[in-house]
Amino acid sequence: MVQVTTKDVMEKFELTLVSGQEGIGKHIAVSDISRPGLEMAGYFTHYPANRVQLLGKTELSFYDMLLPHERVERMQKLCSPDTPAIIISHGLKVPQELKIASNEEHVPVLTAKMATTRFSSLLTNFLESKLAPTTAVHGVLLDIYGVGVLITGKSGVGKSETALELVKRGHRLVADDCVEIRQETENTLVGNAPKLIEHLLEIRGLGIIDVMTLFGASAIRSFKRISLVIELENWDEQKTYDRLGLEDEKMKIMETDLTKLTIPVRPGRNLAVIIEVAAMNHRLKRMGFNAAEEFSNRLNDVISQNEHSTY
């Protein structure tokens, strides 16, 4: 998991550091953001101290109604040693009591120019993306007709060569050889390439090629949601391969089950075209049309009619 610090958030959203400078390197462990309205009223029993605390007009207008000793007490409790940052939206003035407490406990206090709700949404999305569980898979990820297709298989089976052909046919490369995958939501996996090999393809006998330089910016993309896994394997004469496609095979990556197809490789098979059709067929299935089920229904109708005609 990538570690995110308060300094990262400050630089990302161009926030202004007001006090608590010594805590600017604190790690943010959770993506949840707290708006401490109850805490301003004095209820700290379930105070989520490990979250970023966001104060807007509502919290600060209530704070202005408190007695002087209550203000000091609230800000001292708000500045817990576990608190990664306190951010004040709308560019509002930071209370003096908060500055003092934050310097004592080394809790960074920052100000944002944006409105509270807007900033909260952007910050949550940023933290969820950065703090999402991650893994790495050996394979190639492409955007084929808007479908994120992860091509896997043993080394030397032809993954990169197939990806090169698909790029030549107008599809976009996301990652080759190593695909970094993060679990953004319960059923959403997003893949990208490690920075070291971004835009690069390794072709045996040719070496490393830069796809963006050769084919242009339209041939690559930085990340893509993974919807389909295609495993390439050398043709096995003893194995029975699916010829109808009535049953979907699944592959589990982290907490998400993905549809998986196994495509046998042997001379004469145009893998790029097969994978293109697989991506289009997957889109059709998501839209409610399943060619295999349609054929099965037709077959059942013919069998039923023949049985009736016999009687």
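Along the sequence shown, residues carry numbers from 1.
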CG (L201) and CD (E161) are apart, to the nearest 0.5 Å, by 9.0 Å
Evaluate whether atom CD of E249 has more than 12 neighbouring non-hydrogen atoms of other residues, nucleotides or ligands under 6.0 angstrom away. yes
Heavy-atom nearest pair, K77 first then Y47, reads O-CE2, 3.6 Å
- Would you tell me whether E97 and Y63 have side-chain atoms, one donor and one acceptor, within less than 3.5 Å of each other? yes
(request) Using the side-chain contact (heavy atoms from CB on, under 4.5 Å) rule, take C178 and I197 through it: C-alpha gap first, then chi angles, then the decisive distance, then the call. (result) CA-CA 8 Å; C178 179; I197 58 173; 4.1 Å; yes
When rounded to the nearest 0.5 Å, the distance separating CG of L228 from CZ of R286 is 9.0 Å
If two hydrophobic side chains count as joined below 4.5 Å and joins carry through other members, does L258 share a cluster with I230? no
* Within a radius of less than 6.0 Å around CD of E186, do more than 12 heavy atoms belonging to other residues, nucleotides or ligands occur? -> no
Does V157 belong to the same Ile/Leu/Val/Met/Phe/Trp/Tyr cluster as I203, with side-chain heavy atoms less than 4.5 Å apart forming each link?
yes
What one should report as the nearest heavy-atom pair of G146 and K224 is O-NZ, 2.9 Å
Atom NZ of residue position K260 - does it have more than 12 heavy atoms of other residues, nucleotides or ligands inside 6.0 Å?
yes
Could you verify whether a donor N or O on one side chain and an acceptor N or O on the other, from S34 and Q53, lie under 3.5 Å apart? yes
Nearest heavy-atom approach of V18 to Q21 is O-NE2, 3.9 Å
When rounded to the nearest 0.5 Å, the distance separating CD1 of I100 from CD of Q96 is 5.0 Å
Applying side-chain contact (heavy atoms from CB on, under 4.5 Å) to F13 and M114, what does each step give before you reach the verdict?
CA-CA 10 Å; F13 295 100; M114 278 184 277; 4.2 Å; yes
Discussion item. Between V149 and L141, is there a side-chain heavy-atom distance shorter than 4.5 Å?
Written reply: no
Flag the pair R172 / L142 as yes when at least one side-chain heavy-atom distance between them is below 4.5 Å, and no otherwise. no
Residues joined to M287 in its hydrophobic cluster, side chain to side chain under 4.5 Å directly or through other members, sorted by chain and number, are none
Query raised in the report: Taking the side chain from E104 and the backbone from A101, do they hold a donor-acceptor pair closer than 3.5 Å?
Result: no
Smallest heavy-atom separation, G191 atom then V174 atom, equals O-CG1, 3.6 Å
In short, ring pair (Phe, Tyr, Trp, His ring centres under 6.0 Å) pairs touching residues 16-39 with sequence neighbours left out are none
Between the side chains of D176 and S160, is a donor N or O closer than 3.5 angstrom to an acceptor N or O? yes
Check your understanding: Is S61 reaching over with its side chain to a backbone N or O of T58, donor-acceptor style, under 3.5 angstrom?
Key -> yes
Cluster check L15, I88: I/L/V/M/F/W/Y, side chain < 4.5 angstrom = no
Heavy-atom closest pair (K26 atom, P108 atom, distance to 0.1 Å) is CD-CD, 4.4 Å
Practice task
May I ask you to say whether D257 pairs ionically with K250, meaning some side-chain N is under 4.0 Å from a carboxylate O?
Solution key: no
task = Could you check if a side-chain atom of V109 sits within less than 4.5 angstrom of a side-chain atom of K99, using non-hydrogen atoms only?
result = no
Open item on the list: Checking V4 against F126 for the side-chain contact (heavy atoms from CB on, under 4.5 Å) test, could you report, in this order, the C-alpha distance in whole Å, the side-chain angles of both residues, the deciding distance, and whether it holds?
Closed with: CA-CA 10 Å; V4 181; F126 172 75; 4.2 Å; yes
Any donor-acceptor pair under 3.5 Å linking the side chain of Q183 with the backbone of T185? yes
Neighbour count >12 (heavy atoms, 6.0 Å) for atom CZ, F215
yes
Item to check | Side-chain H-bond candidate by donor/acceptor type, D8 with T5, under 3.5 Å | outcome: yes
Q. Hey, does T124 have a side-chain heavy atom less than 4.5 Å from the side chain of D32?
A. no
For residues S155 and R204, determine if any side-chain heavy atom of one lies less than 4.5 Å from a side-chain heavy atom of the other. yes
Next item on the list: Go through L150 and V137 one step at a time and tell me if the side-chain contact (heavy atoms from CB on, under 4.5 Å) criterion holds.
Entry: CA-CA 9 Å; L150 176 64; V137 172; 4.2 Å; yes
Taken in chain and number order and not counting sequence neighbours, the residues that satisfy ring pair (Phe, Tyr, Trp, His ring centres under 6.0 Å) with Y145 are H171
Inset, instruction - Decide, yes or no, whether a salt bridge links E59 with R35 under the criterion of side-chain N to carboxylate O below 4.0 Å. - result: yes
- Query: How about P264 and N234: do any of their side-chain heavy atoms sit closer than 4.5 Å?
  - Reply: no
Smallest heavy-atom separation, L54 atom then S120 atom, equals CD2-CB, 3.7 Å
Q: For the residue pair R182 and T188, confirm or rule out a side-chain donor-acceptor distance under 3.5 Å.
A: no
*If you count the non-hydrogen atoms of other residues, nucleotides and ligands that lie under 6.0 Å from CD1 in I208, is the total more than 12?*
yes
Check whether N103 reaches the backbone of G20 with its side chain - one donor and one acceptor, N or O, closer than 3.5 Å.
yes
One should read off an interatomic distance between L98 CG and M75 CE, to the nearest 0.5 angstrom, of 5.0 Å
Contact between L232 and T152 at the side-chain level, heavy atoms closer than 4.5 Å - yes or no? no
One should read off an interatomic distance between S102 OG and I86 CD1, to the nearest 0.5 angstrom, of 7.0 Å
task: Take R169 and E276, measure what salt bridge (Lys or Arg N to Asp or Glu O under 4.0 Å) needs, and give me the verdict at the end.
output: CA-CA 10 Å; R169 295 173 69 89; E276 277 185 334; 3.0 Å; yes
Self-check item: Same apolar cluster (I L V M F W Y, side chains within < 4.5 Å links), V9/V52
Solution: yes
Requested in this report: Taking the side chain as every heavy atom from C-beta outward, state whether R269 and I263 have any pair of such atoms under 4.5 Å apart.
Outcome: yes
One should read off an interatomic distance between R51 CZ and I28 CD1, to the nearest 0.5 angstrom, of 13.5 Å
Discussion item. I'd like to know if L271 and V211 are part of one continuous hydrophobic network [Ile/Leu/Val/Met/Phe/Trp/Tyr, side-chain heavy atoms within less than 4.5 Å].
Written reply: yes
Charged N to carboxylate O under 4.0 angstrom, K154 versus E233?
-> no
### Residues, nucleotides or ligands: over 12 heavy atoms within 6.0 Å of R283 CZ
no
